[in-house]
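As C-alpha cells, the structure follows; a few thoughts come after it.
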Number of protein chains: 2
Amino acid sequence: MTAMAPIILNCMTTVTDQSDYNKHEDSLTNNLVHVKNPHLDTMEEDILYHFNLGTKTHNLPEMFGDIKFVCVGGSANRMKSFAQFIHQELALPGNIDDIRDICEGTDRYSMYKVGPVLSISHGMGVPSISIMLHELIKLLHHARCHDVIVFRIGTSGGVGLAPGTVVVTDKAVDCFFRAQFEQVVLGKVITRSTVLDMGVSEELLQCSSELNNFPTVIGNTMCTHDFYEGQGRLDGALCSFSTEDKLEYLRKAYDTGVRNIEMESTVFAAMCYACGIKAAVICVTLLNRFDGDQITSSHDVLVEYQQRPQVLVAHFIKKHLGLIL
Amino acid sequence: MTAMAPIILNCMTTVTDQSDYNKHEDSLTNNLVHVKNPHLDTMEEDILYHFNLGTKTHNLPEMFGDIKFVCVGGSANRMKSFAQFIHQELALPGNIDDIRDICEGTDRYSMYKVGPVLSISHGMGVPSISIMLHELIKLLHHARCHDVIVFRIGTSGGVGLAPGTVVVTDKAVDCFFRAQFEQVVLGKVITRSTVLDMGVSEELLQCSSELNNFPTVIGNTMCTHDFYEGQGRLDGALCSFSTEDKLEYLRKAYDTGVRNIEMESTVFAAMCYACGIKAAVICVTLLNRFDGDQITSSHDVLVEYQQRPQVLVAHFIKKHLGLIL
C-alpha cells in the first residue's frame, strides 16, 4: 500500500497507513463499539432524536444487543428492500412483509432489524449521514454491541468504468483527492483520517469472485458535497465551466486512483475509524462520467445495478455466519 | 443595515448590501426563473433524476407553469402536512387526501402542488438541499415560471431565544459567522453571497404581528454541516470540548447576531440569489441551546412549534393572493 503523509486525528493519534490502522484497532479493548465522548456517561437519558429512540424509553441492549452487521444506504426504500432480501438470504423465520420500520415515528431515517443485521437509510450527503452515524454509534454503544462491521452500500458515478461496475473503496478521498475528512468543531477545522478496513474490503473482493456475476474493482472513492458543480456536471442550474474543464478534472481524479464519486464516504470512514468500528464502502456505478452526466439507463436496469452491492454484502454476511463454507 | 465587506460572486457580480441586491434583481428581465448554465440550451432532454421528472416525459409548463410560491422543508411528512394545510387555507376545491406526491416514483424527495403553491422536502444538510434546488430551479425554468418566491420553512436550535420562537433570517452565515457560502467547483473553492430578500422578510414580520399568536424575530441564522460537533453539542458519539468551550462559541455566535442554527440556509440563499429568485428562511426554534442540547419537549409541543412557520407563510401567501386584505 502506498504510504500516506501523516494525518492528525482528532483523538491525538497519527495514522500513516494500514499497519497503523491495525495497531489502532488492536488497542481497542474487547471490540465493543466505542463512543469518544466523556459527557455521555454523565447524562441520565440519551434521546436519539432523529431515530425517535432513547435510553429511557427503549431497552436498547434487548432490541439491538445481537447486532453484528450494519448496512447503511441513502434511500429508505432501498434499505427496506435490503432488509427483505437479507431476511430471505439468511432463511429466517417469519414473513418479510412483517419487517417494520423501527424509526416509524419519524421520517428522517428508516431502520430495519433482521436477525443480526441492521439496515438503515441515511439520506444524501455528508451532513445527513453524519447525524445518522452519531446516533447509530451511540445506539450500538448503549446496546453494548461488539464485533460490529458497518457497510455503506450505495450508488455512485463511475470514473472510467462501465455502468454497473461495483467499486469497493480503497481510500475515501475529498474533492482535492486527499484521504481525509475536514470536520468543523466549534468554528475550528479538524482533519480526520478516512482509512477503511482493508481486510473487509479484500474479503468483499473475494466474495465477488466467488459470485462471478458482475464486475467488482477496488479503487478510491471521491466524496463531494454536491452532485452538480462539485462533481463537474454540466447539467445543473448553475454551471460556469466547459466540457473540457470537466474532463480535465475527471482525468486528474482518475490519475490519482479515483474510480467513483459519491457523497458520503469520507465522513463514514472517518467516524467509523474514530470509534474503532470496521467499515467498508461498496457502491455500484450508474454511469461512466467520461461519457455523460445524466442517468439515462432504464428503471429496471438501475434497479438491478442497485442490487449488486446488496448481493455482495449478503454473501459476505452469509460466509461470516457460516451459512456458506 | 450594517455594511458588509464585498463578496465576490461566481457570476462576476460584487454584492455589498441590500441596495446592490435590489439593483441585481432589477437587472433581471421579466422576472422569469433564470438558470445560469449555457449548456442546458444544447440538451435535447433534461432528466431531473432525483424528482423522477423530465422534459421529454412530462409537460413541465402545463404541470408547473402557474407556480408562484415554493415552500421547502427537511421532512417529507411535514411538507405533505403543509400541502394539506395550505389547501385548506386557500379554500381550494377537492379533498386533501387526494393531494399526491408528484415524486412518488422516487423516495429522494416528496413534492406536492396545491394551486399556485409547490411544497417540497429537501432532507437534511447542504448537499441534500443543494441537489433539490438545482432540480427545482431547472424545473421552474423549464416550466417558464415567473415572479416566484421561495420559502424555506424549517426547524432549528435557538441561540438565546425561548423555544417556539420563529426566526426570519436576516443573513445566513457559515460556522465562522460569515455571510457567504463556499462552493467547490471542480476542486476550486468559489465564494457566493447569501443575501436574502429583505422585502419578503419584512413582510413576514408584519404577518407575524397581524397574527399575534407566537413570537417572531429577525436575526442571523448559522448554517453548519453537522448537528453535533459543528453546532457545539455535547451529546454526539464524538465530543472533544467542554461545556465552557461550547458556551463560549454560542456566545460569540450570539454577539455577531446569530439567533438560530440549522443546516441548509447558506446554500439555499446563495443558489436562489444566483438565479434571481426572491427567497426567505423561516425556522422555529425547538430549544434554547444555552440551556441544553437534547430536544426534550413532548411530541405535541414540537408538532405545534413546527406549524408556526407554516402559519406565517400561509398568511403571507393569502395576502399576496388577495384572500386577506
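Keep in mind that the numbers below use all heavy atoms, side chains included, and drop hydrogens, waters and symmetry copies. In what follows, chains carry the letters A, B, and so on, assigned in the order in which the sequence lines appear, proteins first and then strands, with residues in each chain numbered from 1.
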Select, from [options], the one with the greatest count of heavy-atom pairs under 4.5 Å involving chain B.
options: His299(A), Arg78(A), Glu135(A), Gln231(A); value: Glu135(A)
options: Asp46(A), Val126(A), Ile137(A); value: Asp46(A)
options: Met271(A), His225(A), Glu248(A); value: His225(A)
options: Val184(A), Leu133(A), Asp245(A), Thr106(A); value: Val184(A)
options: Thr224(A), Leu234(A), Val35(A); value: Leu234(A)
options: Leu40(A), Val33(A), Thr243(A); value: Leu40(A)

For this session: Establish, from distance only, whether the side-chain atoms of Arg152(A) and His122(A) form a donor-acceptor pair under 3.5 Å.
Result: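 Distance-only check passes for Arg152(A) and His122(A).
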Exercise. Would you call the rings of Tyr109(B) and Phe51(B) parallel, tilted or perpendicular if under 30° counts as parallel and over 60° as perpendicular?
Worked result: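 The rings of Tyr109(B) and Phe51(B) stand perpendicular, inter-plane angle above 60°.
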For this session: Return yes if some donor-acceptor pair links the side-chain N/O of Asp101(A) with the main-chain N/O of Met111(A) below 3.5 Å, else return no.
Result: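 Confirmed, Asp101(A) side chain pairs with Met111(A) backbone.
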Problem set entry | Donor-acceptor pair, side chain of His34(B) and main chain of Cys275(B), under 3.5 angstrom |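 Checking the backbone N and O of Cys275(B) against the side chain of His34(B), no donor-acceptor pair under 3.5 Å is found.
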Where on [X] is there a heavy atom nearer than 4.5 Å to chain A: the side chain, the backbone, both, or neither?
X: Asp174(B); result: neither
X: Leu139(B); result: neither
X: Ser75(B); result: both
X: Val189(B); result: side chain
X: Ile129(B); result: neither
X: His141(B); result: neither
X: Phe241(B); result: both

Exercise. For Tyr273(A), is the NZ or CZ atom of Arg192(A) found under 6.0 angstrom from the centre of its six-membered ring and inside 45 degrees of the ring axis?
Worked result: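 No; the conditions do not both hold, so Arg192(A) does not lie above the ring face of Tyr273(A).
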Exercise. Given the rule in the ring pair (Phe, Tyr, Trp, His ring centres under 6.0 Å) test, do Tyr249(A) and Phe177(A) qualify, once you have shown the distances and angles that lead to the verdict?
Worked result: CA-CA 11 Å; Tyr249(A) 184 64; Phe177(A) 320 132; 5.6 Å; yes
Exercise. How many angstroms lie between atom CD of Gln294(B) and atom CE of Met43(A), to the nearest 0.5 angstrom?
Worked result: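 So the gap between those two atoms works out to 3.5 Å.
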For this session: Might you confirm whether atom NZ of Lys246(B) has over 12 heavy atoms from other residues, nucleotides or ligands at distances under 6.0 Å?
Result: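 For Lys246(B), atom NZ is crowded (more than 12 foreign heavy atoms under 6.0 Å).
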Exercise. Relative to chain A, which of Asn77(B), Asn52(B), Leu136(B) shows the most heavy atom pairs under 4.5 Å?
Worked result: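 Result: the option with the highest number of such pairs is Asn77(B).
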Exercise. Could Glu244(A) and Arg251(A) be called an ion pair, given the rule that one side-chain N must be under 4.0 Å from one carboxylate O?
Worked result: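 Salt bridge flag = yes for Arg251(A) with Glu244(A).
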